[in-house]
Undergrad: 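Just passing along the structure, written as structure tokens.
Numbering of ligands and ligand atoms starts at 1, following listing order. Position 1 is the first residue of the sequence; numbering continues from there.
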Amino acid sequence: MIKLVLLDVDGTITDRDRKISVRAIEAIRKVQDDGVKISLVSGNVIPVMYGLKIFLGLDAPVFAENGGVKYHESIESFFSMDKPSAVFERLLKEAVLEGILSNKWRETSYGYVPAKGEEEYISSIAGSAGLTTVDSGYSWHLLNKGQNKGFALEHLKQMYSLEYSEILVMGDSFNDVSMFRKEVVKAVPDNAERPLKEIADYISTSDNGDSVAEVLLNLSKL
Ligand code: CA
């Protein structure tokens, strides 16, 4: 039986243009009322995730910066900004990337847009400094090692004393791969990237928020 659902935000509970799905919100409320914990984990920043938790009325923690920062009763950062800052400043000087607006509120990572053809160079510099990079489909992220959505999954599993088989994860892009562990139940919207579809247990016939509603309202059958 699924006791916790961990959802990506952009492209999963929102459409491609990031408008949130009313059907997904309704399904989230219903499933939570039935006793299932619903958590969100995103590459976005903590002020956004703080707002989503409050306005959606979520009981479980939410995670920003791909798992690096949690908001529950208070805000908790699990990683440092030291290495990401040093590498980001260097790459900015080299003009191989541009920062994104939400960096103003980041605590453990940077979002960036690579200059044309510089994706691999940026990732190699990040790697040699002990950092990682990932493309969410909306922007690239410069992250600490071990800072990923899988980290958020482990945190929640421990917090609620759950088995992996009691957790369902759902996401559409490369930064969701780390939470698509073998032992959890994995669902994807039809708009998901191919590598996620290949390892998913359930591929929705619909996209974005409609797929979230479809999955959540059929949780007992998955
Ligand atoms: Ca996404």
Undergrad: Grab the two heavy atoms, one from Ile28 and one from Leu7, that are nearest each other, plus how far apart they are.
TA: CD1-CD1, 3.9 Å
Undergrad: If we check side chain to side chain contact (heavy atoms under 4.5 Å, CB included) with Asp8, which of these qualifies: Val41, Leu196, Asp176?
TA: Asp176
Undergrad: Could you pull out the N/O/S protein atoms under 3.0 Å of the Ca ion (ligand 1), ignoring any water?
TA: Asp8 OD2, Asp10 O, Asp172 OD1
Undergrad: In the hydrophobic cluster built from side-chain contacts under 4.5 Å, what are the other members alongside Leu143?
TA: Val134, Phe174
Undergrad: Tabulate below the donor-acceptor pairs under 3.5 Å that side-chain atoms of residues 212-222 make, not counting sequence neighbours, or state none.
TA:
unit_1, atom_1, unit_2, atom_2, d
Glu214, OE1, Ser204, OG, 2.9
Glu214, OE1, Ser206, OG, 2.9
Glu214, OE2, Tyr202, OH, 2.6
Glu214, OE2, Ser204, OG, 3.4
Asn218, OD1, Lys221, NZ, 2.9
Asn218, ND2, Glu214, O, 2.7

Undergrad: For Ser39 and Phe63, which heavy atoms make the closest approach, and how far apart are they?
TA: OG-CD1, 4.1 Å
Undergrad: Tell me, please, which residues at least two apart from Ser124 pass side chain to side chain donor-acceptor pair (under 3.5 Å).
TA: none
